[in-house]
Structures are given as C-alpha cells and as structure tokens.
Amino acid sequence: EVQVVESGGGLVQAGGSLRLSCVASGLPLDDYAIGWFRRAPGKEREAVSCISSDDGAVVYGDSVKGRFTISGDFAKNTVYLQMNSLKPEDTSVYYCAADLGMGTCYMDARPYDYWGQGTQVTVSS
C-alpha cells in the first residue's frame with residue numbers, strides 16, 4: 001500500500017543546487033521516518049539525511065552537513081532534500097525510503113521498509 005516516489009534529479013554544475021522531492025503515499029498518521037540515501041556506481045549505499053514525522057528532528061550524514069537541508073510537509077506526505085554547493089562527489093542515484101516504526105531517524109538502510117525507484121543526480125566539474 002505504501003508507495004514512495006522521488007523526483008527532482010538532474011544534471012548540475014559543481015557549486016549548483018537541486019531540490020529533490022519525495023512523495024510517500026499510504027503512510028500512517030505518525031511514527032514514521034523518511035530517509036534519503038544514495039548509491040554511486042562502485043560505492044556502498046550511503047545515508048544522506050533523515051527526518052522524523054513525530055517531532056521534525058533531522059539527521060545528516062557527515063559528507064553533506066552544511067550543504068543539504070531536509071524538510072517535510074507531512075500533511076502532504078512530502079519530504080524535500082535541498083542540495084546546495086553540490087560537488088562531483090555527490091553524483092549518485094538518490095533514494096527516498098520510509099521507516100514505519102517509531103519515528104526515530106536511523107542512518108542505516110536496514111530499518112526502512114519502503115523504497116522509491118531512485119532519481120539520478122549528476123554533478124559535473
């Protein structure tokens with residue numbers, strides 16, 4: 001019943017910005033978390049950010065702190081990832097995922113129950 005759909009990826013020059021969107025349908029009223037992850041070719045999956053529906057608490061991975069901002073419009077079941085000061089190293093497929101648990105943000109992919117198809121972000125130098 002839960003469906004997660006990402007959008008907003010594209011090609012951008014280093015130093016530029018993109019905003020990704022995640023629409024997650026079929027979610028409960030509360031007690032869930034939405035995470036952003038990324039996986040580049042030949043790389044392990046990396047946690048980017050997470051936001052909790054309970055209190056709006058957010059967590060960022062070390063590699064994106066100060067550059068990326070996660071936000072949520074939970075009434076619309078939509079979460080955004082604003083990506084500024086993009087670097088070529090940010091090039092990856094970005095995935096949105098929903099953890100239908102206690103609403104605690106985990107920077108680990110395993111607790112997340114539902115995943116989107118991914119959206120490609122390419123940062124050129």
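Heads up: numbering here begins at 1 and tracks the sequence. Any value given below was found using the heavy atoms of this structure, including those in side chains, with hydrogens, waters and symmetry copies removed.
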Aromatic plane relationship, Phe37 with Trp115 - under 30° parallel, 30 to 60° tilted, over 60° perpendicular: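 Aromatic pair Trp115/Phe37 classed tilted.
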
Out of curiosity, [X] [atom1] to [Y] [atom2], how far, rounded to the nearest 0.5 Å?
X: Ser71; Y: Gln82; atom1: OG; atom2: CD; value: 8.0 Å
X: Cys96; Y: Trp36; atom1: SG; atom2: CH2; value: 5.0 Å
X: Ser25; Y: Lys76; atom1: OG; atom2: NZ; value: 15.5 Å
X: Leu100; Y: Glu1; atom1: CG; atom2: CD; value: 10.0 Å
X: Asp55; Y: Ile51; atom1: CG; atom2: CD1; value: 9.0 Å
X: Met83; Y: Leu18; atom1: CE; atom2: CG; value: 4.5 Å

Over all atoms of both residues, closest heavy-atom pair of [X] and [Y]:
X: Ala14; Y: Ser125; result: CB-CA, 4.4 Å
X: Gly35; Y: Tyr112; result: N-CE2, 3.6 Å
X: Gly9; Y: Val121; result: CA-CG2, 4.1 Å
X: Met107; Y: Ala47; result: CE-CB, 3.6 Å
X: Ser85; Y: Arg67; result: O-NH1, 3.0 Å

Using modelled atom types and a 3.5 Å cut-off, is there a donor and acceptor pairing between side-chain atoms of [X] and backbone atoms of [Y]?
X: Ser92; Y: Arg39; answer: yes
X: Thr91; Y: Val123; answer: yes
X: Ser52; Y: Asp54; answer: yes
X: Arg38; Y: Glu46; answer: no
X: Tyr32; Y: Thr104; answer: no

Residues Val93, Thr119; criterion side chain to side chain contact (heavy atoms under 4.5 Å, CB included); working and verdict: CA-CA 5 Å; Val93 177; Thr119 185; over 6 Å; no

From CA spacing to verdict: side chain to side chain contact (heavy atoms under 4.5 Å, CB included), Ile70, Tyr80: CA-CA 6 Å; Ile70 190 170; Tyr80 305 97; over 6 Å; no

Lys/Arg N to Asp/Glu carboxylate O, Asp62 vs Lys65, below 4.0 Å: yes

Transitive ILVMFWY side-chain link Tyr95 to Leu86, under 4.5 Å: no

Linked, directly or transitively: Leu20 and Val23 (ILVMFWY side chains, under 4.5 Å):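 Different clusters: Leu20 never reaches Val23 through Ile, Leu, Val, Met, Phe, Trp or Tyr contacts under 4.5 Å.
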
Heavy-atom neighbours of Phe74 CZ exceed 12 at 6.0 Å: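 Check passes, neighbour count above 12.
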
Intermediate values then yes/no, side chain to side chain contact (heavy atoms under 4.5 Å, CB included), Tyr60 and Val48: CA-CA 6 Å; Tyr60 296 99; Val48 176; over 6 Å; no

Test item: side-chain donor near acceptor, Ser53 and Asp30, under 3.5 Å: yes

Verdict with reasoning, Cys22 to Val4, per side chain to side chain contact (heavy atoms under 4.5 Å, CB included): CA-CA 7 Å; Cys22 171; Val4 180; 3.6 Å; yes

All pairs passing side-chain hydrogen bond (donor to acceptor under 3.5 Å, both in side chains) where residues 4-19 contributes a residue, at least two apart: Glu6-Gln117, Ser17-Asn84

Minimum side-chain heavy-atom gap Asp99-Ile34 below 4.5 Å: no

